[in-house]
Each structure stands twice: as C-alpha cells, then as structure tokens.
Amino acid sequence: MATSRLERIGTIFSRTEGLLLRGAMKPDDRPLWFDIYKAFPPTTEPKFARPKPENKPIRQILYKEDILRAKFHAKGHGLSSNMFSLNETYTKKLIQKFEQLKSESISEEELIEKCVTAVGSERQTEATKTTTKNPDSVSSHVLNEANLKNIFKE
Amino acid sequence: MIRRCLILPLRNGITVCRNNSTAVAEQAESTQESNTPAKNPLDHPDYFQVHNLFTVKDLFDARVHFGHKEGSLNEFMTPYIYGSRQGHLIFDLDITAEHLRKALNFTAHIAYRGGIVCFFNRNALNAHLVEKTALECGEYAHTRFWRGGIFTNADHQFGAITRLPDLCIFLNTQNNILNQHTAVRDSAKLLIPTIGIVDSNCNPNLITYPVPGNDDTPVAIELYCKLFKAAITRGKEARMKFLQENN
C-alpha cells in the first residue's frame, strides 16, 4: 500500500484522501477506517501543525466555604486527614458544626473555638467507642468492662 | 465476506482486509435491503448505542477529572480544562464525555468491520489490567518497552509480511513523564488511527481521537478498559449477527 510517512503534514485522513484522489491508492485498497472517519470525523482535526489555542488564563475553582476552611486551618485545626477512613473529614465536620452554631450571637473567634471543642470531644468519644460483632462473645464482655480512657491509671 | 478476506494475498507490509471495498459494500447493502428495511451502520449516528455505556457521573466517580499540576500543562490541552483547584488542573467532564463517546463509536465500528485493535499502556501499575482486557475481548496489547520499528520496519523485524493493527488505543500516551510513546508517531506515519487518553501534560496533536482525562489512576484505567471492551464486544456481536444473516 502506498503511504506517505510524513506524519507532520496534514492528517492521516488528508494524506489517504490525497493518495486516493490522485490514483496512487486504488479505492478498493483504502484502509478499513477510512469510511468510518469520513462518517464520524473527530471534533478537532488531528493535525500536528496547528495554531496554539488562545492563551486564556485558567479559572480558579473556589467555594464559599473556602474562607471558613482557611480560618480553621490558620489556627491549625482540621489539618490532619485519614485517607483510610471513609467518614467525613475533620474539616468538613468543623464546617458543618459552624453552620449549626452560626445563629448564636457570639464573635467569630469564639464560634471557631466552640466548634473545635465540640467536634474534638465528638471525635474523642468515637475513638474510645469499641464495638464487637457478637455482643455475647467473651471479648465483648471484657471490652464492656474495660475502662479504656483510664487504662494507664493505677 | 470472510471468504474474500482469506483469499486475498498479503501483498504488502500493511495488508488491509478488503471487506470494506466498494464492491463488497454495495453487495452487502443490497442483500441487507432485501432482508430488512435498512441500513448502513455508518448512516446511524450511534449504531452500537455506545452513548449509554457511561454517564458523566461514572467518569467523576472514577476520578477521570483529575489532571496534573498547573506547571506541567501542555498548551494544546487548555481547551479541555475546566479550571484549577489549588494548583491541580480539573478536566471539563462534559467535553471528555463527548470525546469518549466519539472514540467508543469509532472503536465499535472498527470491530464491526473486523479490524484489529491494539491496546497500549506504559504504566507498570496498570499493565496487567490492560493486557487482561485485550485478552478478554480477543484483541491485542503492547504494554512493554517499544522496540523502534515494530510498525515502521515490521516485515524485517518479524521476518514475514505483517498485518498491522487497524486501531491503536493508548491508555496512556507517554513513555515516562517526559517522552511521548513512539507508537503514537509511528501510527500516524503508517496511517493507523489512534485513540488516546491524554492527561493535562500530554500532547494531543497526533492522536486521531484524543480523550482528555486522567491516565494514571487505576480506577480510571479500569473504567476506560471496561468501556472499550464493551464497545469492541458490541461491534463484534453485530458483525457475527450480520455474517450469520448473510451467509
């Protein structure tokens, strides 16, 4: 099959079409994809030499709650994340708490502190809470009796 | 149709199955007209119904929208970018979906016409998945080091006249972070159409049907593999049906 190997000139379609038009390639020898390409051409012509797209500045994706996030993060809260956990992140919990407590008429500083303490204590209780699959098992009895919070106290 | 293919001698380096020659096509059309009231698959905008293979939500769940960081952006990828979140580029999934549907449609049509499809991928993490997909849909994969000349000097490399693939699907178009896969260039040289998942740091110019999207994450690659496999299977099923009806 006659081909032109100059891949930087035109497209695969235009090169094949040229060969067909000039008789270098017989219509019966046209590649399998030729008719499909003709029926469904790609959105942009796959030319190697094409003008660069106009230089538009990239839009920054920002959300309203980013301001709030920044305020929490500036004080060092909600910076940690556990990628193994499928639960909501610490920051998300803080923001949800903030939305709940927003109606209270106290200053933003105090509100942030209040959210941090509230969410912090919630996390503490979650961390110490242990559950077993079978409530009748020996291990669940031992776990229920154990005082995990004061495990190191005499 | 199959008989014709077999009789034809392999004359040159690239032999093309002539089941798409004008003569056969006319014949096929006339036989089909007598059976059913219709149609050349090419007249139908979506003959294999590939549009229902996925939704934009599926793309989002598979993390197709994540690009690389702003600094590594290829200028030719700017039209496909939605924006930047804290320095990380995000693809516009509406544009991606449109491109992916075109690519799937093209794949299904190639499979329908009995073309050979070859999957490419140079990411070791996803190599097995890609090879398995190719095996499952009865096609080919090349996920290892590319020896120069596999396409361009095929007859000498393999010691016999070689039929090259009719479609190359690149699940990632880069060899490493710096260089483009040589097969992208070689396919363009040898008039083989290509489909490629192009990330924000890749050059889409030589890819016939570029699909802007994440080409690193295994979940995303899994989705692409599933979709291309489904498109090929649909094309092949339609082909089998057509051959049974017309033989």
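Proteins come first, then strands; the chains are lettered A, B, ... in the order of their sequence lines, and each starts at number 1. This one's a predicted model, so the numbers in the text were calculated from it and none came from an experiment. Because only heavy atoms are used, hydrogens play no part in the values below, and waters and symmetry mates are left out as well, while side chains stay in.
- The backbone N or O of B:I161 lies less than 3.5 Å from no partner atom in the side chain of B:D155, so there is not a single donor-acceptor pair.
- A donor-acceptor pair under 3.5 Å is formed between the side chain of B:T208 and the backbone N or O of B:T194.
- Ranked by heavy-atom pairs under 4.5 Å with chain B, the list A:K38, A:K52, A:E45 is led by A:K52.
- Between chain A and the residues B:G115, B:A103, B:P210, B:A188, the largest count of heavy-atom pairs under 4.5 Å involves B:A188.
- Contact count against chain B (heavy-atom pairs under 4.5 Å) is highest for A:P41 among A:A49, A:P41, A:A39.
- A distance-only check finds no donor-acceptor pair linking the side chain of B:T107 to the backbone of B:F228 [under 3.5 Å].
- Of the atoms belonging to A:L62, heavy atoms from both backbone and side chain fall under 4.5 Å from chain B.
- For chain B, the nearby parts of A:R50 are the backbone and the side chain; heavy atoms of each come within less than 4.5 Å.
- In terms of non-hydrogen atom pairs under 4.5 Å with chain A, the most contact-rich of B:D186, B:L42, B:I81, B:I192 is B:L42.
- When the shell of 6.0 Å around CZ of B:R63 is examined, it contains 12 or fewer heavy atoms from other residues, nucleotides or ligands.
- The backbone N or O of B:V117 sits less than 3.5 Å from a side-chain atom of B:E139, completing a donor-acceptor pair.
- Within the 4.5 angstrom heavy-atom criterion, atoms from both the backbone and the side chain of A:I36 approach chain B.
- Residue contact with chain B, scored on non-hydrogen atoms closer than 4.5 Å, is absent for A:N55.
- Contact annotation for B:T152: both backbone and side-chain heavy atoms come within less than 4.5 Å of a heavy atom of chain A.
- With a 4.5 angstrom heavy-atom cutoff, B:P193 touches chain A via backbone and side-chain atoms both.
- When the candidates A:F48, A:F40, A:Y63 are compared by the number of heavy-atom contacts under 4.5 Å with chain B, A:F40 comes out ahead.
- Using a 4.5 Å cut-off between heavy atoms, A:P51 contacts chain B through its backbone alone, with no side-chain atom that close.
- Of the two parts of B:I207, only the backbone, made up of N, CA, C and O, holds a non-hydrogen atom closer than 4.5 Å to a non-hydrogen atom of chain A.
- Using cut-offs of 30° and 60° for the angle between ring planes, the A:F13 and A:Y37 rings count as parallel.
- B:T162 contributes no side-chain N or O that, together with a main-chain N or O of B:F158, makes up a donor-acceptor pair within less than 3.5 Å.
- A side-chain donor-acceptor contact under 3.5 Å links A:T11 to the backbone of A:S14.
- Contact check for B:H181 versus B:F170: side-chain heavy atoms found under the 4.5 Å cut-off.
- Ranked by non-hydrogen atom pairs under 4.5 Å with chain A, the options B:N203, B:D43, B:N105 are led by B:N105.
- Heavy-atom distances place no part of B:H88 under 4.5 Å from chain A, backbone and side chain included.
- Without hydrogens or angle criteria, B:R101 side chain to B:T96 main chain gives no donor-acceptor distance under 3.5 Å.
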